[in-house]
Amino acid sequence: MRIIRVRMNQSNVIKEIFEKKLRVLRSPVVVTLGANIAGAAVSMISAIIVARWLGVETYGVMAIIWGINATALNLVDVRLIDLMLQWYYRPPPQGTNQLNYQTTVLQVTQLGYLILGVAFFAIGLAANIGLAHLFTSYSIRWQWAAINAMALALDYTMAPLKMMQRMHGRFILLGIVNTASAILSSAVLLFFLYRQRDLGGFYTGTAYGALLAYISTAAILLWILIKHDRMPIFSRLEPKNISYLKQGIGFLWWGNISGHIKMAHRASDILLVGFLTNDQITGVYKLARSFADKLYLVFDALNQIYQPVLMRLLHSSSMAEFRNRARRLILYGAFLTASFLLAVALGYPILEQFILARTVPGLQMAIVILTLSFFTATGFWLWMWPIIIHFHLARAYTARSILAIFIQYSIGFLLYLIGASATAFALGYLAYDIVLMGSAAILLWRYYPEWMPYRQEVKYAAASPAALHPERAKRVKG
């Protein structure tokens with residue numbers, strides 16, 4: 001009997017361990033990370049195949065088209081999605097139920113994104129037609145610029161629908177949808193490019209892939225919001241709710257400035273490389289950026305989960321829990337960055353010899369340097385940005401962003417004078433992240449130290465900027 005009881009206890013222990021592991025594997029963080037890593041892998045493989053079939057020089061031409069369009073996109077972007085977060089977690093106006101108020105938030109944000117998307121498309125196309133010749137000697141067709149602008153605009157206008165799913169906690173759904181979208185668009189792109197291995201084939205595949213991914217994703221997300229959440233998305237806008245949403249609209253000014261800075265950091269830098277160098281170096285830099293940017297699908301997974309959670313913790317004054325989550329993000333960032341660097345060290349020789357089938361000078365070092373910036377984004381920005389939004393520090397953050405842009409371009413240009421290579425501009429890109437995150441950390445530590453990850457517990461009653469830190473808010477705002 002004793003043996004039977006021992007075996008039953010062992011069986012129960014094994015069962016509990018198995019169920020615990022299964023719960024971990026089913027957790028939103030693990031599932032969303034897994035789905036986004038799968039999507040990143042698909043996009044990365046697609047970028048490698050495109051570079052192999054078209055060549056690095058042609059990839060540089062594509063980079064110029066993308067760089068001009070991405071610059072135009074950031075020019076019109078006002079970070080409306082961050083204002084949507086503020087609106088969503090604010091209590092509704094008196095006499096309005098929560099569902100109708102949240103529906104108005106989605107309607108207003110989505111309408112804003114559609115208007116901004118159309119404006120971006122027009123500006124991006126016009127800029128490519130008028131300016132592309134300054135950065136490359138290649139003859140660029142306007143249809144290619146139009147297709148690339150359309151693809152970016154469609155992805156941009158999807159943001160409010162995805163954000164609403166995030167705020168409803170559907171991280172697993174978003175992970176699956178994003179992965180399926182990446183697979184669909186990449187498969188369609190490679191199908192057309194295989195049949196026609198030039199820029200015409202690439203942009204034909206891009207057009208069909210972007211349209212199919214957009215239609216399928218929008219249909220799924222809208223169906224869930226209407227059928228499951230019972231949100232009257234296509235109802236008339238409530239004037240009372242719209243008047244209420246006007247509070248905090250001033251954030252859009254600093255959001256627009258922030259968009260311009262993002263434009264200089266992540267889009268116009270490619271144009272600088274194209275202007276100073278040639279299609280070969282531009283192609284190497286853009287290819288390295290493509291590899292590093294695919295890692296940001298993992299960043300997006302963490303952002304989807306943690307940003308709504310951190311905003312709720314800020315509104316509820318849960319300082320200890322906020323700091324705990326921030327410390328967890330720092331560890332996630334360090335572990336993931338080390339893993340990616342190890343993957344680059346082990347996998348790059350295989351990539352160069354068997355996939356690219358050629359030696360690409362400077363590519364590996366540029367990938368390594370740009371991968372390091374993933375740590376600053378995941379380990380610091382993810383928890384810093386909610387604090388900046390909540391305590392209305394956009395202006396102070398923007399001033400530090402301008403300094404970081406100056407450092408990025410200065411270092412890139414000086415290193416270019418020493419030796420023209422993609423590595424020089426990659427170091428400038430990394431310098432931006434180090435300067436910005438470092439100066440932002442000093443800002444937050446000075447005025448709101450109780451929210452910093454490794455700060456000891458202090459006694460404060462509320463997290464409201466007006467109620468908790470009126471003197472600090474006044475000093476930060478100048």
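Atoms considered below: every heavy atom in the structure, side chains included; atoms not considered: hydrogens, waters and symmetry mates. Numbering starts at 1 and runs along the sequence shown. Everything numeric here is computed off the predicted structure, so don't read it as measured data.
Annotation: side chain of Leu302 is in contact with side chain of Leu336 (closest heavy-atom distance under 4.5 Å). In this structure, Phe121 and Leu152 have side chains that are not in contact, with every pair of non-hydrogen atoms separated by 4.5 Å or more. Looking only at side-chain heavy atoms (C-beta outward), Gln408 and Leu430 stay at 4.5 Å or farther from each other. Contact check for Leu199 versus Tyr138: side-chain heavy atoms found under the 4.5 Å cut-off. With a 4.5 Å cut-off on side-chain heavy atoms, Met452 and Arg323 do not count as touching. Looking at Val118 and Leu114, their side chains never come closer than 4.5 Å, going by heavy atoms from C-beta outward. Side-chain contact check for Trp451 versus Trp383: every heavy-atom pair is 4.5 Å or farther apart. Residues Pro453 and Ile330 meet the side-chain proximity criterion, which asks for heavy atoms closer than 4.5 Å.
Nearest heavy-atom pair across Met384 and Met437 is CE-O, 3.6 Å. Across all non-hydrogen atoms, the minimal contact from Ala426 to Tyr285 is N-CE1, 3.8 Å. What you find for Ala292 and Leu370 is that their closest heavy atoms are CB-CB, 3.6 Å. Looking at every heavy atom in both residues, Leu54 comes nearest to Thr58 through O-OG1, 3.0 Å. Across every non-hydrogen atom of Ala72 and Ile123, the tightest pair is CB-CG2, 3.9 Å. Closest approach of Ala424 to Leu415, counting heavy atoms only: CB-CB, 3.5 Å.
By the salt bridge (charged side-chain N to carboxylate O under 4.0 Å, His left out) test, Asp433 is found to be paired with no residue, residues two or more places apart in sequence or in another chain being considered. With sequence neighbours left out, the side-chain hydrogen bond (donor to acceptor under 3.5 Å, both in side chains) criterion links Trp144 to no other residue. With sequence neighbours excluded, the residues satisfying side-chain contact (heavy atoms from CB on, under 4.5 Å) with Ile129 are Leu125, Trp142. When the salt bridge (charged side-chain N to carboxylate O under 4.0 Å, His left out) test is applied to Arg400, no partner is found at least two apart in sequence or on another chain. For the ring-ring contact (aromatic ring centres under 6.0 Å, His included) test, residues two or more places apart in sequence or in another chain that qualify with Tyr429 are His265. Asn69 is linked by a side-chain hydrogen bond (donor to acceptor under 3.5 Å, both in side chains) to Asn128, Asn148, counting only residues two or more places apart in sequence or in another chain. When the side-chain hydrogen bond (donor to acceptor under 3.5 Å, both in side chains) test is applied to Ser373, the partners found at least two apart in sequence or on another chain are Tyr296. Partners of Tyr113 by ring-ring contact (aromatic ring centres under 6.0 Å, His included), not counting sequence neighbours, listed by chain and number: Tyr156. Considering only residues two or more places apart in sequence or on other chains, Gln307 meets the side-chain hydrogen bond (donor to acceptor under 3.5 Å, both in side chains) condition with Arg166. Under the rule for a side-chain contact (heavy atoms from CB on, under 4.5 Å), the partners of Tyr194 that lie at least two apart in sequence or sit in another chain are Trp53, Arg197.
A distance of 8.0 Å separates OG1 in Thr217 from CG in Leu184, rounded to the nearest 0.5 Å. Residue Ile411 holds its CD1 atom at 8.0 Å from CG of Leu427, rounded to the nearest 0.5 Å. Atom CZ in Arg327 sits 11.0 Å away from atom CZ in Phe322 (nearest 0.5 Å). The distance from the OG1 atom of Thr398 to the CD1 atom of Ile402 is 6.5 Å, given to the nearest 0.5 Å. Residue Leu287 holds its CG atom at 6.5 Å from CD1 of Ile367, rounded to the nearest 0.5 Å. Atom OG1 of Thr376 is separated from atom CG of Leu436 by 8.5 Å, given to the nearest 0.5 angstrom.
Between the side chain of Gln110 and the backbone N or O of Thr157, at least one donor-acceptor pair lies under 3.5 Å. Here the side chain of Ser46 pairs no donor or acceptor atom with the backbone of Val42 at under 3.5 angstrom.
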Legend entry - Working for side chain to side chain contact (heavy atoms under 4.5 Å, CB included), residues Lys286 and Met62: CA-CA 9 Å; Lys286 180 61 173 82; Met62 292 159 46; over 6 Å; no
Legend entry - From CA spacing to verdict: side chain to side chain contact (heavy atoms under 4.5 Å, CB included), Leu310, Leu329: CA-CA 11 Å; Leu310 294 176; Leu329 284 171; 4.2 Å; yes
Inset, instruction - Could you please spell out the steps behind the ring-ring contact (aromatic ring centres under 6.0 Å, His included) verdict for Tyr448 and Phe391? - result: CA-CA 9 Å; Tyr448 300 99; Phe391 290 112; 4.1 Å; yes
Legend entry - Verdict with supporting geometry, Phe275 and Leu271, side chain to side chain contact (heavy atoms under 4.5 Å, CB included): CA-CA 6 Å; Phe275 183 77; Leu271 300 182; over 6 Å; no
Legend entry - side chain to side chain contact (heavy atoms under 4.5 Å, CB included) between Tyr432 and Asp269, worked out: CA-CA 11 Å; Tyr432 169 92; Asp269 62 321; over 6 Å; no
Inset, instruction - Report the C-alpha distance between Phe380 and Phe375 in whole Å, list the side-chain angles of each, state the deciding distance to 0.1 Å, and finish with yes or no for ring-ring contact (aromatic ring centres under 6.0 Å, His included). - result: CA-CA 8 Å; Phe380 294 92; Phe375 173 64; 5.5 Å; yes
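Among residues at least two apart or in separate chains, there is no side-chain hydrogen bond (donor to acceptor under 3.5 Å, both in side chains) pair with a member in residues 416-428.
Between Tyr306 and Tyr332, the ring planes are perpendicular. Angles over 60° get that label, and only those under 30° would be called parallel.
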Show me the donor-acceptor pairs, under 3.5 Å and distance only, between side chains in residues 201-215 and residues at least two apart or in other chains.
{"residue": "Thr204", "atom": "OG1", "partner": "Gly200", "partner atom": "O", "Å": "2.8"}
{"residue": "Thr206", "atom": "OG1", "partner": "Phe202", "partner atom": "O", "Å": "2.8"}

